[in-house]
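Let me begin by presenting the structure, written as structure tokens, before commenting on it.
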Amino acid sequence: MGLHPLEFSECYLDSPGFREKIKAHEAELDKTNRFIKELYKDGKNLINATKQLGMAQRKFANCLGEFQFEYVGDAKTDDEKCIDESLQEFSSFLKNLEEQRELMMRNITETLMKPLEKFRKDHLGTVRAERKKYEKETEKYYSSLEKLLNMSAKKKDTQLQEADSQVETVKLRFQEESLDYVCKLQEIQERKKFECVEPMLAFFQTVFTFYHQGFELANDFDHYKRALQINIQNTRSRFEGARSEVYELMKRIRETPQEYRQTSPISCEGYLYVQEKRPPPFGSSWVKRYSTFVKEQKILHMVTFDHRSGGKIGETESVTLKSCLRKTTDMFDRRFCLELDITDRPGTVLTVQALSEDDHKFWMQAMGGKEATGHYLGRTYSKERGIDAQLDNVGLSLMKNSISAIETRGINDQGLYRVVGVSSKVQKLLSLMIDEESNEVDLSTSEDWDVKTVTSTLKLYLRSLPEPLMTYGLYKEFISPAKGGSPESRIQAVHCLVHKLPPKNRQVLGLLMKHLANVAAHSKQNLMTVANLGVVFGPTLMRPQEDTVAAIMDLKFQNIVVEILIEHNEKIFADAPESCPLSPAAPVFSAPTRQSKKSLNRQNRPLAVYNPQALDIQNVSAVGDGSSLAADETSMGSNESVSSQSSSASASEMPAEKSDHVPLSTSLSSGSNSRAPIAGASWSSTGAPGESQPASSTAASDEEKPEESVTSRKAKAVYPCEAEHDSELSFQVGAIFNAVTQSREPGWLEGELEGKRGLIPENYVEML
């Protein structure tokens, strides 16, 4: 049973049982008081701990918001842009959550802490004060009563009456106080039920409101989260493809490092040990220097650099070379040495030491010891061994036969085009299908060839063509729109470029894209979304001639182009566009910029406007891809194409880089192996940097001025430029160049400025 009710009538009796009941009520109120005090203390600790949590969360959010990812290359995909911005989104989400938490803490203080403390002080405190008064009146009454009862009966009546009257007065006050105290006890016992619980209810309402607001934030975040998951999946998928390509490149470079030595047609670079002679008796010392030899000017630039001293770069010294002689071991007690005769120091001979015998031959060839063998950066793709694939009627029949079989027998197979066939069977099937003397292989009914063998054969055929289906010449133009612009501008640019392809290439590409769109339409069954197909076919349909890490970094943009072709194949391949932008690659109003000014590698420079007239097409070959079948084995899981997502163009665009080789395409006549330059592959040197002009718009002027590319003229700088190499010129806007001629390096001019002659990027100037 709970507490006994206190009857008012018992205040007059003041029995021991009544007193025990009062003590029970007082003990309960003391317990309630202690509970509220402890709860208040814990609540304060909770608020302080939550404030500390909030501060830590805000610090964490600020750390997220301040970090920025750096990226490799000259542009980011839409997926990468979303991933880069995700940290700021996370930071904003956490800060929003913390604002709600701070509001919750303020509400808890107002709705729980203050009401409980007020109840404890105003009501429980009042009861304690009443208790003291009750105990005081009790003591006073019973003391007066005992004193009265102890009075002698022999006292005068007036004294006895006066004493009786005083005791009666004290008794009345005691009884009134008893009644008030009992009433107060009963009132507090009933009041505490709602005075304590109501603030707790408000507390939980505040907490649940906070969690509900977190739930609402999570709902608002859900759409972004799903989109970001797709961005991450696409980026991971592209990473897997790029990683396999990078490892393949690393393996090839490890096997034949000399073929991949980083040089350019106009200069060569590497380390040389230079002999520094000292006065007797100190002899001489050998200092390691990073050396760059500019062939045309015969200038050798040497900069001291010691890896063991923390990589500190010393001063640069430049000398002009007159001749180079080999020093044999019978003449000099060191191997791999060269003796350089310096023109700007008459009578001075500079002795240098190469790093190895191969390095020694390399420097001898570069410096005129004998005819150079033409070490250029990278390698060109070669055709698949033993396979003579051509883009002719036989190839078209192979494509149609393979597509028909795949759509009939395996359109719903999981991992279609991802799962590769056995290499030997794939090679055998391809050989049979491109052999004109063999009977046509009917794949739609033959069970000898499983679906994965057919899909791998189709991909191997496309990789074995002398040049990619989307051609070397248009590679950089196809890549450029994928690096920026709106979805509409990307589609328009790709649409225009597709119709620059040779007719046979466009026909086969259209056939393939229609098929891949059908494959993507069954992605719920085969798991091959548009994004997955882009990963598989990006490197197969388009690739640069040079095999470099920088080219591999563009794989993600190849995938985006293929995604656009698949998603919009009906529009792109139906009819030629009514009009095309002058340059789908770069905004007209953004001045060109250049990459790192500190790089010693000339491969990092942007090439200027492509001019095939300045090249010798006899020295350029266009051959197919030798990539491994296993390169397609990358992880699945991408759910959505993002090729059409909007993305803002970079604030500073690179000048459109044009290939430094003439693009050659395979003749499309049946059985022909002849090749010719792609029509319309010329580019105007006027207008904004990177703008391509249709061949028809420049044909008349080219006929009127056939010698324009080699005639000495004047030019005016329209953009500022800081030289990245000693063979280049630095200049500001408005600088006038004299004796300007076409350089042997594609996209560059040679000219004089303030008495110095050097290289000028062609799309940084306008001819006068």
Side-chain angles (χ1 to χ4, degrees), residues 69-81 83-84 234-250 252-253 260 262 377-381 462-463 467-485 490 493-494 497 531 533-565 583-586 593-596 599 601 603-607 610 625 627 631-632 634 641-643 645 647 649-650 653-661 663 690 747:
F69 287 108
E70 290 295 334
Y71 61 94
V72 179
D74 60 355
K76 295 183 283 190
T77 64
D78 291 342
D79 294 315
E80 290 171 329
K81 290 174 184 176
I83 289 174
D84 289 349
N234 290 341
T235 302
R236 179 183 285 115
S237 181
R238 289 167 183 151
F239 160 77
E240 294 292 345
R243 182 174 64 172
S244 64
E245 293 287 335
V246 168
Y247 276 100
E248 281 293 318
L249 176 60
M250 183 175 65
R252 291 193 295 269
I253 291 178
Y260 290 83
Q262 293 192 12
L377 174 63
R379 66 176 184 89
T380 55
Y381 288 88
L462 293 172
R463 284 199 299 269
E467 81 168 332
L469 194 60
M470 296 171 72
T471 73
Y472 290 129
L474 292 176
Y475 172 77
K476 289 183 179 177
E477 290 185 71
F478 272 114
I479 287 293
S480 294
K483 293 182 177 181
R490 292 180 182 182
V494 172
L497 291 169
L533 293 170
V535 171
V536 171
F537 281 92
T540 301
L541 298 177
M542 54 189 302
R543 58 183 179 271
Q545 283 183 294
E546 292 181 346
D547 194 4
T548 64
V549 173
I552 293 173
M553 292 299 103
D554 277 344
L555 279 177
K556 52 197 175 187
F557 300 109
Q558 299 173 17
N559 304 344
I560 291 174
V561 173
V562 174
E563 291 170 15
I564 292 173
L565 291 172
S583 173
T593 61
R594 296 159 71 88
Q595 290 180 346
S596 172
S599 175
N601 183 3
Q603 184 64 23
N604 288 337
R605 295 177 322 192
L607 293 180
Y610 171 53
D625 176 21
S627 56
D632 290 331
T634 54
S641 166
V642 292
S643 61
Q645 290 182 7
S647 64
S650 173
E653 295 285 342
M654 296 290 296
E657 295 189 16
K658 305 302 174 188
S659 173
D660 56 352
H661 297 286

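Just so you know, these numbers come straight off a predicted model, no measurement behind them. All values below were derived from every heavy atom in this structure, side-chain atoms included, with hydrogens, water molecules and symmetry-related copies excluded.
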Under the rule for ring-ring contact (aromatic ring centres under 6.0 Å, His included), what residues qualify as partners of Tyr247, not counting sequence neighbours? none
Hey, are the side chains of Leu533 and Val562 touching, using non-hydrogen atoms and a 4.5 Å cut-off? no
Side chains of Met470 and Phe478 in contact at under 4.5 Å (non-hydrogen atoms): yes
So among Lys483, Lys476, Lys76, Arg543, which one has a salt bridge (Lys or Arg N to Asp or Glu O under 4.0 Å) with Asp554? Lys483
With side chain to side chain contact (heavy atoms under 4.5 Å, CB included) as the criterion, how do Met542 and Ile479 come out once you've worked through the C-alpha distance, each side chain's angles and the decisive distance to 0.1 Å? CA-CA 9 Å; Met542 54 189 302; Ile479 287 293; 3.9 Å; yes
Listed partners of Phe537 passing ring-ring contact (aromatic ring centres under 6.0 Å, His included), at least two apart: Tyr417
Got a donor-acceptor contact below 3.5 angstrom from the Glu563 side chain to the Gly534 backbone? no
Evaluation steps, side chain to side chain contact (heavy atoms under 4.5 Å, CB included), between Asp78 and Arg490: CA-CA 12 Å; Asp78 291 342; Arg490 292 180 182 182; 2.7 Å; yes
Is the shortest side-chain heavy-atom distance between Gln558 and Pro544 below 4.5 Å? yes
Of all heavy-atom pairs linking Glu80 and Lys556, the shortest is OE2-NZ, 2.7 Å
Within a strict 4.5 Å, meaning less than it, do heavy atoms of the Ile560 and Arg238 side chains meet? yes
Side-chain heavy atoms of Ile564 within contact of Pro481, under 4.5 Å: no
